Number of protein chains: 2
Amino acid sequence: MEPGHSEGTEAPAPHHPGDCRVVGTVLARIGDKWSILVVMTLTDGPRRFNELKRTIGGISQRMLTFTLRGLERDGLVSRTVYPTIPPRVDYELTALGRSLQGPVQALGAWAFSNLDTIQAARTRFDGGKAP
Amino acid sequence: MEPGHSEGTEAPAPHHPGDCRVVGTVLARIGDKWSILVVMTLTDGPRRFNELKRTIGGISQRMLTFTLRGLERDGLVSRTVYPTIPPRVDYELTALGRSLQGPVQALGAWAFSNLDTIQAARTRFDGGKAP
DNA sequence: CGGAATCCTATGCGATACTG
DNA sequence: CAGTATCGCATAGGATTCCG
């Protein structure tokens, strides 16, 4: 099977308010190596394939393709093909995709403001047992 | 190298306000298969190892150990050992860990309220080209 | 009970080459 | 330009066994 993001094939079965697996489902979608980067890059508007590739940097065309397919499949991103020569394809966030930005930015904000604390904790932890 | 969550070893280099890689850093931490489940399970208070294992379900002791180590390393979870027989170990969210719950729950809420939409999009996408 | 060590497989994903 | 196809290695992570 190709990388294409895994399905939640094992029936979830909830267990208490403020669920659990559901979150896992989302993270299985956007928690991979590239999806959020793509989503964030699309924040400023539609982008072409290679434009995304350059902006993100470090991503292979293979993974960009898979990531975009996955996001498109879940309705977070729309794909528009202009049958010109050379071909041109625009990727853009859908309404659903844009609605994801709030939560994602919240997470980003948390990350940003706690980066130092985390780094410190890491150093302390590693220093304490692997000098 | 053991599964232990990957480091952001490749110097990021920011590029514009509302960054990008930083989010990637957090997601590399909590975006893996189990971390959030653990964090969410610890929401209601301290839990013992096997208690976590049972509650989460489907996680191997190996991965639970690695996940907890990672969270502990980053200062999100604290580990308390009671030198009794048999031994007892409690895991609990730290202040930092609890501060992560806001963002995570925002994501959870988004997931929950958009699950149907996403499922529909998936079915439509798959149906359109792989009947 | 809580974990560490070893083994083994599925997979993620980069590199490269080919196509319309 | 925007993909698709194939190869190949590195990693994630489950199962199992052993230990204090």
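Predicted model, so just to flag it, every value in this text is computed and none were measured. Residue numbers begin at 1 in each chain, while the letters A, B, ... track the order of the sequences.
- The CD1 atom of A/Ile59 sits 5.0 Å away from the CH2 atom of A/Trp34 when rounded to the nearest 0.5 Å.
- Computed from coordinates, the B/Glu72 CD to C/dG3 P distance equals 9 Å when rounded to whole Å.
- Axis angle between the ends of the helix from C/dC1-D/dG20 to C/dG20-D/dC1, five pairs each and rounded to 10 degrees, works out to 40°.
- For B/Arg98, there are no side chain to side chain donor-acceptor pair (under 3.5 Å) partners, not counting sequence neighbours.
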Original post:
Going through the checks in order, is the side chain to side chain contact (heavy atoms under 4.5 Å, CB included) test met by B/Thr55 and B/Leu37?
Top reply: CA-CA 10 Å; B/Thr55 305; B/Leu37 277 312; over 6 Å; no
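- The distance between atom CG of B/Asp32 and atom P of D/dG14, rounded to the nearest whole Å, is 11 Å.
- With sequence neighbours left out, the salt bridge (Lys or Arg N to Asp or Glu O under 4.0 Å) criterion links A/Arg54 to no other residue.
- Side-chain nitrogen and oxygen atoms of B/Arg48 include at least one within less than 4.0 Å of the OP1 or OP2 phosphate oxygen of C/dG2.
- Nucleotide C/dC13 holds its P atom 9 Å from the CH2 atom of A/Trp34, rounded to whole Å.
- The interatomic distance linking A/Lys33 (NZ) with C/dT11 (P) rounds to 19 Å, in whole Å.
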**OP:** Starting from the C-alpha separation in whole Å, work towards a yes-or-no answer on side chain to side chain contact (heavy atoms under 4.5 Å, CB included) for B/Ile30 and A/Leu107.
**Re:** CA-CA 10 Å; B/Ile30 59 162; A/Leu107 212 58; 4.1 Å; yes
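- Every residue meeting the side chain to side chain donor-acceptor pair (under 3.5 Å) condition with B/Thr43, not counting sequence neighbours, appears here in chain and number order: B/Gln101.
- Residue B/Leu68 contributes atom CG, which lies 16 Å from atom P of C/dC1 at whole-angstrom precision.
- Distance CZ/A/Phe66 to CG/A/Leu71: 13.5 Å, rounded to 0.5 Å.
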Taking distance alone, no hydrogens or angles, what donor-acceptor pairs closer than 3.5 Å link side-chain atoms of residues 75-82 of chain A to residues at least two apart or in another chain?
from	atom 1	to	atom 2	distance (Å)
A/Ser78	OG	A/Glu92	O	3.4
A/Arg79	NE	A/Tyr91	OH	3.1

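- Summarising the geometry, the separation between CG on A/Leu37 and C1' on C/dC13 is reported as 15 Å, rounded to the nearest angstrom.
- Computed from coordinates, the A/Met63 CE to D/dT11 C1' distance equals 14 Å when rounded to whole Å.
- Checking side-chain atoms of A/Asp32 against main-chain N and O of A/Ser35 turns up a donor-acceptor pair under 3.5 Å.
- Non-hydrogen atoms lying under 4.0 Å from DNA chain C are contributed by A/Pro87, all within residues 76-92 of chain A.
- Between B/Arg62 atom CZ and D/dT16 atom C1' there is a gap of 12 Å when expressed in whole angstrom units.
- If you check C/dG2, C/dG3, D/dG14 against the side chain of B/Asn50, the one that comes closest is C/dG2.
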